Engineer: 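Structure in structure tokens, see below.
In what follows, every heavy atom counts, from backbone to side chain, and hydrogens, waters and symmetry copies are set aside. Throughout, residue positions are numbered sequentially from 1 according to the sequence presented. All values reported here derive from a predicted model rather than from experimental measurement.
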Amino acid sequence: MSYIFEGKAPVEAVSDNVEYTPDSILSSYTYTTTTVKQEDGKVKAMPKSMPVQFKTDRKVPKTGVLFVGWGGNNGATVTAGVLANKNKITWRTKEGEHKANYYGSLTLASSVRLGVDENGNDVFVPFNSVLPMVNPNELVIGGWDISSMNLGDAMRRSRVLDVQIQDQLYPLMKDLVPMPSIYNPDFIAANQADRADNVINGSKKEQLDQIIADIKNFKEKNGLDKVIVLWTANTERFSEIQEGVNDTADNLMAAINDDEDEVAPSTLFAIASILTGCAYINGSPQNTFVPGVIELSQKHNVYIGGDDFKSGQTKMKSVLVDFFVSAGIKPVSIVSYNHLGNNDGKNLSAPKQFRSKEISKSNVVDDMVASNGILFEPGEHPDHCVVIKYVPYVGDSKRAMDEYTNEIFLGGKNTVVMHNTCEDSLLASPLILDLVILTELFQRITFKMDGATEYDGFHPVLSLLSFLLKAPLVPPGTPVVNALFPQREAVINFMRACVGLPPENHMLLEHRVKNRGTLS
């Protein structure tokens, strides 16, 4: 039997390894790993351990979030969702009465296994009860958009929510108007031109200065302690990595001053965020984080995360391929087809923008394939094809169809076909909130590794966000993990470490031995 404790009481670890002060949670933790090398014809595995001290600030700051593309389907739906929950809105459809919720959110609608009770039963608690996290209902929301349409009309234009909830939310959203944004038709599809009536004119340096001013004004006007900036605007084409333009931080800043063509709007927003000390998250697949941006984030020690929300087809793929490969089944062909009718689909109908999405969707299986040298030779990969088509009628209700062909025992073939109707923005919006909530939390966590005298934070490239992203950005030279289960467990085990608890090992030894009394 398993159960979840009722209520919203925070978790408190009772251990010599943790101390709760009014300001901080201080924990002592032993990080264990295994170093492997091949020597003398053997594979030698050597356990290693390292003491780590964690410090988590308990005070949750007043936090604001600025969306780039606020008037798009995602931006309007996130805003509507927060207001619906904050105002406890209910509405009726043909299925009956509905209440606002945060279903689909890792931090707000999932639970984690904390341990066992005195009878050996598993005990689960809400994800956000382990450490103090931002309440999304208290977020201050703003943003930019190339369209001047107010958020109430943008919500209606998106055709995502039922009419009854739209009608209740419209008065709360009609006065929310995006700030002007950066429009560069070289980076997004030409079919977006009819929306671009709310743009920042001038040189790239003038555009950058305006975004910096917008962030500072938003923070000051709302009395915020912290601002997080998140790109949920159109997919851009990939930027060329050019020596002397975007290959270093200094070159990139000089390129902006010189009004170089190959500096994308998303890169300008990322730079503005970094220069104002605000974490920046890229929710689209383009390569916003050119080498110069990554270097700039390291110089200023400001977190960046990306790329591309992982909400539907790709999330399923990262589960299924992990299952196939770990079960000894060899995927040899993966064919993924999508059609959608929202503005994202319209923009992706242009070849260069589709190529950005194709790259982020195609690389998701690489680490899982590389993990099994029995099934795959070095450099061998399954055939993997991704197709996206624009069909206006289906709107935000994206259809995704996948065919997986696998080799099995004694030359047999196994085919799995899946149809997935992805309500695109309703799946992405909770992930957007998770990205904001977790980024803010990780900004309050610092640690001292073995021998260090000062607390320090994570690497500025915040790879712990990978559970929520299709093409996880990782620090240079470090491995990319796409498999969904390890991504989630990494976050949970970091949180457990912050309160002095050991990582979840899933051995469940107390349930697998004859005399479990000493383990309960």
Side-chain angles (χ1 to χ4, degrees), residues 4-12 20 22-25 56-67 70 74-90 98-112 114 124-143 151 165 168-169 172-173 176 218-219 221-230 232 278-279 281 283 303 305 309 425-445 462 464-465 467-468 488 491-492 494-495 498-499:
I4 184 167
F5 280 126
E6 296 179 0
K8 298 181 179 179
V11 169
E12 182 173 309
Y20 291 83
D23 298 323
S24 306
I25 303 172
T56 306
D57 292 340
R58 300 182 74 176
K59 181 183 177 183
V60 178
K62 185 177 181 182
T63 302
V65 57
L66 284 169
F67 294 120
W70 191 22
N74 286 342
T77 305
V78 171
T79 306
V82 169
L83 289 170
N85 278 277
K86 186 175 183 177
N87 292 278
K88 297 181 171 56
I89 288 178
T90 62
H98 297 265
K99 297 178 181 179
N101 61 51
Y102 283 116
Y103 289 177
S105 165
L106 173 70
T107 59
L108 301 163
S110 78
S111 62
V112 298
L114 189 64
F124 291 81
V125 296
F127 187 104
N128 60 2
S129 68
V130 180
L131 291 172
M133 299 184 192
V134 168
N135 181 344
N137 294 352
E138 297 173 0
L139 286 171
V140 179
I141 299 175
L151 267 288
I165 186 174
Q168 294 182 71
L169 287 169
L172 304 175
M173 298 176 67
L176 302 176
F218 177 74
K219 185 175 183 180
K221 177 184 175 183
N222 293 288
L224 301 171
D225 301 309
K226 185 180 294 186
V227 175
I228 293 169
V229 180
L230 186 145
T232 183
C278 301
I281 301 164
Y303 290 157
F309 306 131
S425 298
L426 294 176
L427 288 171
S429 293
L431 304 190
I432 291 171
L433 292 173
D434 286 337
L435 286 163
V436 172
I437 291 166
L438 289 177
T439 299
E440 191 288 314
L441 170 64
F442 296 151
Q443 289 175 320
R444 288 185 283 115
I445 297 174
L462 202 51
L464 261 185
L465 299 175
F467 177 83
L468 305 162
R488 188 178 192 271
V491 178
I492 292 169
F494 255 100
M495 295 198 307
C498 288
V499 293

Engineer: Show the nearest heavy-atom pair for residues Leu441 and Met495, with the distance to one decimal.
Structural biologist: CD2-SD, 4.4 Å
Engineer: What residues form a ring pair (Phe, Tyr, Trp, His ring centres under 6.0 Å) with Phe442, not counting sequence neighbours?
Structural biologist: Phe458
Engineer: Looking only at heavy atoms, what is the nearest atom pair of Glu12 and Tyr20, with distance?
Structural biologist: CA-OH, 3.4 Å
Engineer: Can I get a per-line list of side-chain donor-acceptor pairs under 3.5 Å for residues 78-89, giving both atom names and the distance, sequence neighbours left out?
Structural biologist:
{"from": "Thr79", "atom 1": "OG1", "to": "Trp70", "atom 2": "NE1", "distance (Å)": "2.9"}
{"from": "Thr79", "atom 1": "OG1", "to": "Gly75", "atom 2": "O", "distance (Å)": "2.8"}
{"from": "Asn85", "atom 1": "OD1", "to": "Asn101", "atom 2": "N", "distance (Å)": "3.4"}
{"from": "Asn85", "atom 1": "ND2", "to": "Gly81", "atom 2": "O", "distance (Å)": "2.8"}
{"from": "Asn85", "atom 1": "ND2", "to": "Asn101", "atom 2": "O", "distance (Å)": "3.2"}
{"from": "Asn87", "atom 1": "ND2", "to": "Leu83", "atom 2": "O", "distance (Å)": "2.8"}

Engineer: Can you give me the closest heavy-atom contact between Ser105 and Pro430, atom names plus distance?
Structural biologist: N-CB, 3.6 Å
Engineer: Among residues at least two apart in sequence or on other chains, which ones pass side chain to side chain donor-acceptor pair (under 3.5 Å) with Thr63?
Structural biologist: none
Engineer: Kindly write out the residues that satisfy salt bridge (Lys or Arg N to Asp or Glu O under 4.0 Å) with Arg444, not counting sequence neighbours, or none if the list is empty.
Structural biologist: Glu440
Engineer: Thr439: which residues meet the side chain to side chain donor-acceptor pair (under 3.5 Å) condition with it, sequence neighbours left out?
Structural biologist: none
Engineer: Mind checking side chain to side chain contact (heavy atoms under 4.5 Å, CB included) for Pro136 and listing every partner two or more places apart, or none if nothing turns up?
Structural biologist: Tyr102, Leu108, Leu139, Leu433, Ile437
Engineer: Of all residues at least two apart in sequence or in a different chain, which pass the side chain to side chain donor-acceptor pair (under 3.5 Å) check with Asn135?
Structural biologist: none
Engineer: Can you list everything that forms a side chain to side chain donor-acceptor pair (under 3.5 Å) with Asn128? Sequence neighbours excluded, please.
Structural biologist: none
Engineer: What heavy-atom pair brings Asp57 and Pro132 nearest, and what distance separates the two atoms?
Structural biologist: O-CG, 4.3 Å
Engineer: Just to verify, which of Leu426, Leu431, Ile432 counts as forming a side-chain contact (heavy atoms from CB on, under 4.5 Å) with Asn74?
Structural biologist: Ile432
Engineer: If the condition is side chain to side chain contact (heavy atoms under 4.5 Å, CB included), which residues does Leu427 pass it with, not counting sequence neighbours?
Structural biologist: Ser311, Cys422
Engineer: Is a donor on one side and an acceptor on the other found under 3.5 Å between the side chain of Lys62 and the backbone of Asn222?
Structural biologist: yes
Engineer: Compare every heavy atom of Leu66 with every heavy atom of Gly143, then report the nearest pair and how far apart it is.
Structural biologist: N-CD2, 3.5 Å
